[in-house]
Amino acid sequence: MKLQIINGPNLNLLGIREKKIYGNQNFDDFFLKLQDEFSAIKLDFFQSNIEGELIDKIQEVGFICDGIILNAAAYTHTSVGISDAVKSVKSPVVEVHISNTFAREEFRHKSFLSPNVKGVIQGFGLDSYRLAIRSFL
Ligand code: DQA
């Protein structure tokens with residue numbers, strides 16, 4: 001099984017950014033743990049702060065992998081382009097968020113992605129990614 005994790009803007013600052021919300025761990029270290037934990041799966045990881053690069057990645061992997069785990073971060077709440085990309089590809093997409101966006105500001109309650117994804121997992125910290133991987137097993 002081949003799964004692709006895609007992280008959007010500012011998630012490269014995990015471990016530095018707003019630690020009370022997003023925790024102390026940087027994603028590169030966490031990703032190594034995930035690879036260890038799910039060694040039977042081919043797990044890949046991509047992060048970009050640029051909307052078009054996220055769309056390019058979804059298109060690139062969206063016909064060849066078994067699933068995409070997508071945290072589009074702030075673009076979740078703004079991007080018709082990413083939503084259309086999710087709808088256009090064959091691979092099922094699970095939307096993840098580290099925080100519970102419904103417990104935060106109202107502008108975070110709207111997701112342009114949710115109508116086009118297989119499911120949404122949010123609010124479990126970095127464990128949201130673990131749960132998303134498990135959902136494919
Ligand atoms: C986030 C939630 C978004 O509202 C926010 O813009 C992020 C991270 C999360 O994982 O909790 O950057 O997607």
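Ligands are counted one by one from 1 in listed order, and the atoms in each one are counted from 1 as well.
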Heavy-atom nearest neighbour of atom 2 (C) of ligand 1 within options L13, L11, T101, T76: T101

Does any donor atom in the side chain of S128 or Q122 lie under 3.5 Å from an acceptor atom in the other side chain? no

E95 side chain to T76 side chain, donor-acceptor N/O pair below 3.5 angstrom: no

Of the backbone atoms (N, CA, C, O) and the side-chain heavy atoms from C-beta on, which set of E18 has a member under 4.0 Å from an atom of ligand 1: side chain, backbone, both, or neither? neither

So which heavy atom in the protein is nearest atom 12 (O) of ligand 1, and how far is it from that ligand atom? R17 NH2, 3.1 Å

Atom 4 (O) of ligand 1 has as its nearest protein heavy atom H77 NE2, 2.7 Å

Taking atom 1 (C) of ligand 1 as the reference point, the nearest protein heavy atom with its distance: H97 ND1, 3.7 Å

Should one rank I98, L70, N7, N10 by closest heavy-atom distance to atom 9 (C) of ligand 1, which comes out on top? I98

Measure the shortest side-chain to side-chain distance between N7 and F27 over non-hydrogen atoms and say whether it is less than 4.5 angstrom. yes

Should the pair D84-K87 be classified as a salt bridge under the 4.0 Å nitrogen-to-oxygen rule? no

Looking only at N/O atoms, are A74 and ligand 1 under 3.5 Å apart anywhere? yes

Does R108 approach ligand 1 within less than 4.0 angstrom via side chain, backbone, both or neither, non-hydrogen atoms only? side chain

Cation-pi check, K57 to F46: give yes when NZ or CZ is under 6.0 Å from the six-membered ring centre and within 45° of the ring axis, no otherwise. yes

Is the distance between the ring centroids of Y75 and F112 under 6.0 Å? no

Within the 4.0 Å heavy-atom shell around S99, which atoms of ligand 1 are there? 2 (C), 9 (C), 11 (O)

Could you identify the single nearest non-hydrogen protein atom to atom 7 (C) of ligand 1 and state the distance to 0.1 Å? Y22 OH, 3.4 Å

If you measure from each non-hydrogen atom of Q122 to ligand 1, which part falls under 4.0 Å: side chain, backbone, both or neither? neither

For ligand 1, does N71 get within less than 4.0 Å through its side chain, its backbone, both, or neither, judged by non-hydrogen atoms? side chain

Do P9 and L54 come within less than 4.5 Å of each other through their side chains, counting heavy atoms only? yes

R130 vs F30, test: side chain to side chain contact (heavy atoms under 4.5 Å, CB included). Steps then yes/no. CA-CA 10 Å; R130 280 197 178 91; F30 176 66; 3.7 Å; yes

